[in-house]
Amino acid sequence: MNDLFLGLSGYQWAFFAAASAIIGGGIGSCMGIASAAKVAAGVMSEDPSKFGGLLVLCILPGTQGIYGFITALLVAVFFGLIGGKGADLPAIQGFKVFLACLPVAVVCWISAVYQGLVSAAGVAMVGKRSETAGQGMIFAALVETYAVLSLIVTVILLLAAQNG
């Protein structure tokens with residue numbers, strides 16, 4: 001099939017979808033981790049023994065990058081991006097794949113940034129009182145909820161897009 005939708009083939013739309021998912025999640029995770037890690041570095045300069053509790057708080061915003069990776073992998077497998085097998089994907093179906101990936105691309109970017117800010121506040125809590133690490137993780141996990149929901153919605157939409 002050689003049809004186009006807004007100038008792109010179905011294969012190109014699916015490729016763009018996968019790339020958008022990994023880019024959004026990845027950028028957000030980098031920004032979120034950096035926010036928390038900057039504060040953690042300051043706390044550790046005073047007390048290096050707090051590394052364990054701080055590490056988890058710094059890692060939490062990285063999960064959105066994983067969700068973007070999972071989404072990109074699902075698109076590649078479901079729609080034949082590997083080996084160019086998706087070259088006959090109808091353009092409108094490829095566009096649906098792109099739309100299906102938007103929840104992960106956008107929500108994971110934004111939630112990772114904000115999760116990093118919440119994690120940074122948790123790091124500051126641990127800096128003052130080590131026993132608050134678990135509470136800081138819970139606060140950061142609240143933001144994570146929306147990234148998980150975006151992944152679930154994206155998977156559901158990708159399954160629907162498989163049917164055309």
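Positions are given from 1, in the same order as the sequence printed here.
Atom CD1 of I66 sits about 12.0 Å away from atom OG1 of T71, to the nearest 0.5 Å. Atom CD1 of I33 sits about 8.5 Å away from atom OG1 of T63, to the nearest 0.5 Å. How far CE of M44 is from CD of E46: 12.0 Å, rounded to the nearest 0.5 Å. Annotation: the span from T132 atom OG1 to I138 atom CD1 amounts to 11.0 Å, rounded to 0.5 Å. In this structure, the separation between CD1 on I110 and CD on Q115 is 13.5 Å, given to the nearest 0.5 Å.
S119 places a side-chain N or O within 3.5 Å of a backbone atom of L57 that can act as its donor or acceptor partner. Between the side chain of S9 and the main chain of Q12, a donor-acceptor pair closer than 3.5 Å is present. The backbone N or O of G127 sits less than 3.5 Å from a side-chain atom of K50, completing a donor-acceptor pair. Side-chain atoms of T154 come within 3.5 Å of backbone atoms of A100 as a donor-acceptor pair (strictly under, hydrogens ignored).
Exactly one of S150, S111, S29 qualifies for a side chain to side chain donor-acceptor pair (under 3.5 Å) with Q64. That residue is S111.
Using a 4.5 Å heavy-atom threshold, the side chains of L54 and V126 count as touching.
Between the side chains of Y67 and E144, at least one donor N or O lies within less than 3.5 Å of an accepting N or O.
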Before you tell me yes or no, could you show the steps for L8 and F15 under side-chain contact (heavy atoms from CB on, under 4.5 Å), namely the whole-Å CA-CA distance, both residues' side-chain angles and the distance that decides it to 0.1 Å? CA-CA 10 Å; L8 296 176; F15 201 90; over 6 Å; no

Test log, rule side-chain contact (heavy atoms from CB on, under 4.5 Å), inputs W13 and K96: CA-CA 8 Å; W13 275 114; K96 288 177 185 178; over 6 Å; no

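No single ILVMFWY cluster, assembled from side-chain heavy atoms under 4.5 Å apart, contains both V143 and V153.
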Run the side-chain donor-acceptor check on residues 16-23: report pairs under 3.5 Å with partners two or more places apart or on a different chain.
residue, atom, partner, partner atom, Å
S20, OG, F16, O, 2.8

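More than 12 heavy atoms of other residues, nucleotides or ligands lie within 6.0 Å of CZ in F95, so this atom counts as buried by the packing criterion.
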